[in-house]
Amino acid sequence: MTKQDSVKPTNFIHQIIEQDIEKNVHGGQVITRFPPEPNGYLHIGHAKSICLNFGTAIKYGGQCHLRFDDTNPEKESQEYIDSIVSDVRWLGFQWAGDIRYTSDYFQQLHDWAVYLIKEGKAYVDDLNAEQMREYRGTLTEPGKNSPYRDRSVEENLALFEQMKDGTRPEGSCVLRVKIDMASPNINMRDPVIYRIRHAHHHQSGDQWKIYPSYDFAHGQSDAIEQITHSICTLEFEDHRPLYDWLINNLPVPSQPKQYEFARLNLNYTITSKRKLKQLVDEKHVDGWNDPRMPTISGLRRRGYTPTSIRNFCDMIGVTRSNGIVDMAMLESAIRDDLDTNAPRAMCVTRPLKVTITNFAEGEEEFFELAAHPKDESMGNRRVSFGRNLLIEQEDFEEVAPRKWKRLAAGEAVRLRGAYVIRCEEVIKNDAGEIVELKCTYDPATKGVNPEGYKANGVIHWVNADNSVPCEVRLYDRLFTEANPEGDKSRSFLDFINPESLVVLTGCRAEPSLAEVKPEQNFQFERMGYFCVDQNSTSENLVFNRTVTLRDSWAKIQQG
RNA sequence: AGGGGUAUAGCCAAGCGGUAAGGCAACGGGUUUUGAUCCCGUCAUGCGGAGGUUCGAAUCCUCCUACCCCUGCCA
């Protein structure tokens with residue numbers, strides 16, 4: 001929470017809060033909450049909400065609660081709870097007090113439902129789902145009252161008790177609050193506040209046969225927790241009158257207020273929990289934490305840092321207008337963080353053999369290279385030079401194209417941190433493929449530019465005799481279309497990028513990379529940012545590409 | 001004549017009646033033993049459209065248009 005505190009661009013929610021503090025609304029307190037339903041993994045869109053809620057609390061010296069909105073046991077599970085807790089922590093946030101659950105408040109919520117019944121403001125309705133839909137009316141026509149709307153308080157009490165006891169079957173009836181079946185806001189047409197579910201709940205076990213709806217649970221939970229600013233996404237805007245109605249008609253201990261902001265949309269990906277789950281269930285990806293997934297755990301495995309995600313959330317702002325943020329912004333955020341914080345190393349992903357004919361067999365020379373070009377505190381690494389080297393296949397062309405800054409037949413190039421070499425001979429196999437380059441090195445170019453000629457440029461390399469074998473996974477955007485959900489006649493699955501994962505084996509990393517730990521980030525010079533996969537071992541080294549470096553050569557080639 | 005929202009550059013976004021911040025992208029140029037980073041510069045006489053009020057309007061008023069959300073016993 002470094003630069004976030006001070007020079008933070010303010011948003012409309014912060015403006016409201018500052019006015020509230022000034023007018024001493026909520027006693028000048030700021031208490032927010034992040035309220036996920038544990039029915040899926042957190043994604044980048046949730047990160048926006050997390051940063052907003054926790055960031056707001058930090059900024060105004062308040063607190064933020066982590067509360068699981070667990071009112072629908074059939075879709076929820078402990079696995080999701082565990083992943084969410086871990087993701088929030090990883091992002092660097094700490095909630096105030098214990099983890100909270102809406103299910104902690106089931107008894108109080110039930111008692112408030114009874115209160116409403118006694119006030120004549122709630123009733124048990126025997127209409128089935130289909131009938132209820134008919135009675136609800138449509139967007140343009142008012143609904144009509146249920147025939148069960150005028151049951152007596154005593155009857156409603158008895159019926160609700162039966163629902164609670166489990167003596168009424170699932171779906172046989174619901175508890176509704178009595179508001180206005182003719183309201184232009186459909187959420188006010190006697191919304192359901194309790195339904196029967198004879199389901200086992202991951203927190204409350206088999207204690208309850210009835211579960212409160214979102215509308216009945218959320219605001220009241222906010223009130224119980226003394227939440228001052230209940231921040232949610234735009235689709236709940238129409239629920240605000242109901243939120244307020246319940247707060248005003250119940251003897252709740254505080255008066256929280258709901259504010260809505262636009263959810264995050266990112267191009268070349270999706271953030272629908274349902275569709276993300278489909279990708280996992282149908283094995284289009286490797287799991288919720290597949291590095292191609294926009295989930296927090298996927299981004300983490302991809303090599304994104306908490307800092308980069310928080311900075312990204314600062315960058316995109318908080319407003320009420322729907323937009324689609326360019327993936328390039330997220331990429332910019334991670335490049336920015338990793339450029340300053342990732343140590344540099346060399347790794348040859350598609351090796352081409354280079355023999356230095358004027359360097360003695362069995363000899364070895366060492367170079368101390370800075371781990372970072374601008375940060376001495378990151379120290380040095382030791383790189384070994386010898387007769388048998390490996391360079392990147394794409395760094396050699398027999399005939400240099402225009403503006404070529406790499407190696408070509410007869411030409412010279414700098415090996416990063418070492419000598420300038422010249423390609424004297426190109427060796428091909430029977431198929432005509434280049435299999436080896438015979439080169440000479442210029443001993444006079446150690447640390448200085450050559451005299452009398454110029455090297456084309458600088459390329460990376462490793463010593464074939466002691467470099468470390470590894471696997472490199474090149475990840476790219478998951479979809480080929482900016483808006484994979486945009487074509488109504490086609491499934492988003494049709495737009496999965498077949499090259500979103502390219503696995504390279506037989507790669508060779510410099511020796512300093514032999515002892516790395518999962519999740520360490522590196523810049524492989526000229527190749528991009530990579531991190532050690534969480535399942536990587538010293539016997540089976542695996543690096544995931546987080547993002548490429550900006551590549552102006554690619555633009556020159558295209559143009 | 002359903003209700004609720006939103007429109008500022010290719011994208012995100014400041015602006016709150018006094019003459020269009022910033023970031024991303026893009027495009028020039030400089031430095032560079034990473035075609036990276038870094039640095040410098042360019043990029044809205046224009047704020048969805050049309051009227052109106054005002055000395056002055058992206059900001060206020062009127063009308064219009066486009067897009068988003070709402071008819072779960074999901075959240």
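We name chains A, B, ... by the order of the sequence lines, and we start the count at 1 in each one.
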Task: Span that lies between the C1' atom of B/A14 and that of B/A66, in whole angstrom - done: 24 Å
TODO: Grab the CG-P distance between A/Asn267 and B/C11 for me, whole Å please.
DONE: 11 Å
Task: Partner nucleotide of B/U54 by Watson-Crick or wobble geometry (both distances under 3.5 Å) - done: none
Task: Nearest-nucleotide comparison on RNA chain B, the residue closer to the 5′ end among A/Tyr529 and A/Pro212 - done: A/Tyr529
Task: Protein-nucleotide distance (A/His218, atom NE2; B/A75, atom P), rounded to Å - done: 11 Å
Just the atom pairs and distances: protein N or O near nucleotides 46-48 of chain B's N or O, under 3.5 Å.
none

- [ ] Would you please name every residue forming a side-chain contact (heavy atoms from CB on, under 4.5 Å) with A/Gln393, sequence neighbours left out?
- [x] A/Arg350, A/Leu352
Open item on the list: In whole Å, measure the gap between the C1' atoms of B/G10 and B/A26 for me.
Closed with: 9 Å
Task: Interatomic distance at C1', B/G56 relative to B/G29, whole Å - done: 40 Å
Open item on the list: If I take atom CD in residue A/Glu37 and atom P in nucleotide B/C74, what distance separates them, rounded to the nearest angstrom?
Closed with: 10 Å
Task: Chi class for B/G72: syn within 90° of 0, otherwise anti - done: syn
Task: Nearest-angstrom distance from the residue atom CZ of A/Phe312 to P of B/A13 - done: 11 Å
Task: Euclidean distance, atom NZ of residue A/Lys277 to atom P of B/A75 [Å, nearest integer] - done: 17 Å
Task: Under 4.0 Å protein heavy-atom contact, by nucleotide of nucleotides 67-73 of chain B - B base, S sugar-phosphate only - done: -SBBBSB
Open item on the list: So, using ring pair (Phe, Tyr, Trp, His ring centres under 6.0 Å) as the criterion, who are the partners of A/His202 when residues are at least two apart?
Closed with: none
TODO: Would you indicate what A/Ser183 reaches in the nucleic acid, counting non-hydrogen atoms under 4.0 angstrom: base, sugar-phosphate, or nothing?
DONE: nothing
- [ ] Give the ring-plane orientation class for A/Tyr194 versus A/Phe160, where under 30° counts as parallel, over 60° as perpendicular and anything between as tilted.
- [x] perpendicular
Task: Nucleic acid footprint by protein, nucleotides 27-35 of chain B - heavy-atom cut-off 4.0 Å, B for base, S for sugar-phosphate alone - done: S-----BBB
Open item on the list: Taking any heavy-atom pair under 4.0 Å as a contact, classify A/Gln15: base, sugar-phosphate, or nothing.
Closed with: base
Open item on the list: To the nearest 0.5 Å, what is the distance between OG on A/Ser308 and CG on A/Leu299?
Closed with: 8.0 Å
- [ ] Would you indicate what A/Thr319 reaches in the nucleic acid, counting non-hydrogen atoms under 4.0 angstrom: base, sugar-phosphate, or nothing?
- [x] sugar-phosphate
TODO: Quickly work out the A/Glu260 CD to B/A75 P distance and round it to whole Å.
DONE: 18 Å
Task: Distance, C1' atom - from B/C43 to B/G22, rounded to whole angstrom - done: 14 Å
Task: B/A7 to B/G46 separation - C1' atoms, rounded to the nearest Å - done: 15 Å
- [ ] Can you tell me the pairing partner of B/C67 across any strand shown, Watson-Crick or G-U wobble, with both distances under 3.5 angstrom?
- [x] B/G5
Task: For B/C38, the Watson-Crick or wobble partner whose two distances fall under 3.5 Å - done: B/G30
- [ ] Assess whether atom CD of A/Gln78 is packed by more than 12 heavy atoms of other residues, nucleotides or ligands within 6.0 Å.
- [x] yes
- [ ] Determine the Euclidean distance between corresponding C1' atoms of B/C39 and B/G52; express it in Å to zero decimal places.
- [x] 49 Å
TODO: Using the C1' atom as the reference point in each nucleotide, state the distance between B/C61 and B/A57 in Å, no decimals.
DONE: 11 Å
TODO: With sequence neighbours excluded, tell me which residues meet side-chain contact (heavy atoms from CB on, under 4.5 Å) with A/Lys403.
DONE: A/Trp553, A/Ile556
Task: Separation of the C1' atoms in B/U54 and B/G17, to the nearest angstrom - done: 9 Å
TODO: Output all residues satisfying side-chain contact (heavy atoms from CB on, under 4.5 Å) with A/Lys454, sequence neighbours left out; order by chain, then residue number.
DONE: none
- [ ] Identify, with sequence neighbours excluded, every residue that meets ring pair (Phe, Tyr, Trp, His ring centres under 6.0 Å) alongside A/His372.
- [x] none
TODO: Sequence neighbours left out, what passes side-chain contact (heavy atoms from CB on, under 4.5 Å) with A/His200? Give chain and number order.
DONE: A/Asp206
Open item on the list: Can you tell me the base-pairing partner of B/C47? Count Watson-Crick or G-U wobble geometry only, both distances below 3.5 Å, and say none if there is no partner.
Closed with: none
Task: Below 4.0 Å: OP1/OP2 of B/A13 and any side-chain N or O of A/Ser321 - done: yes
- [ ] State which residues pass salt bridge (Lys or Arg N to Asp or Glu O under 4.0 Å) with A/Glu134; sequence neighbours excluded, sorted by chain then number.
- [x] none
TODO: Would you classify A/Lys374 as touching base, sugar-phosphate or nothing, given that sugar-phosphate means primed atoms plus P, OP1 and OP2, and contacts are heavy atoms under 4.0 Å?
DONE: base
TODO: Tell me the partner of B/C16, counting only Watson-Crick (N1-N3 plus N6-O4 or O6-N4) or G-U wobble (N1-O2 and O6-N3) with both under 3.5 Å; none if nothing fits.
DONE: none
TODO: With sequence neighbours excluded, tell me which residues meet ring pair (Phe, Tyr, Trp, His ring centres under 6.0 Å) with A/Phe524.
DONE: A/Phe530, A/Phe543
Open item on the list: Does the Lys NZ or Arg CZ of A/Arg477 fall within the cation-pi geometry relative to A/Tyr268 - under 6.0 Å from the ring centre and within 45° of the axis?
Closed with: yes
TODO: Report the relative orientation of the aromatic rings in A/Tyr80 and A/Tyr41; use parallel for angles under 30°, tilted for 30 to 60°, perpendicular for over 60°.
DONE: perpendicular
TODO: Identify, with sequence neighbours excluded, every residue that meets salt bridge (Lys or Arg N to Asp or Glu O under 4.0 Å) alongside A/Arg320.
DONE: A/Glu237, A/Glu260
Open item on the list: Expressed as a whole number of angstroms, how long is the span from A/Met327:CE to B/C11:C1'?
Closed with: 13 Å
- [ ] Give the rounded distance in Å between these two atoms: CZ of A/Arg263 and C1' of B/U6.
- [x] 16 Å
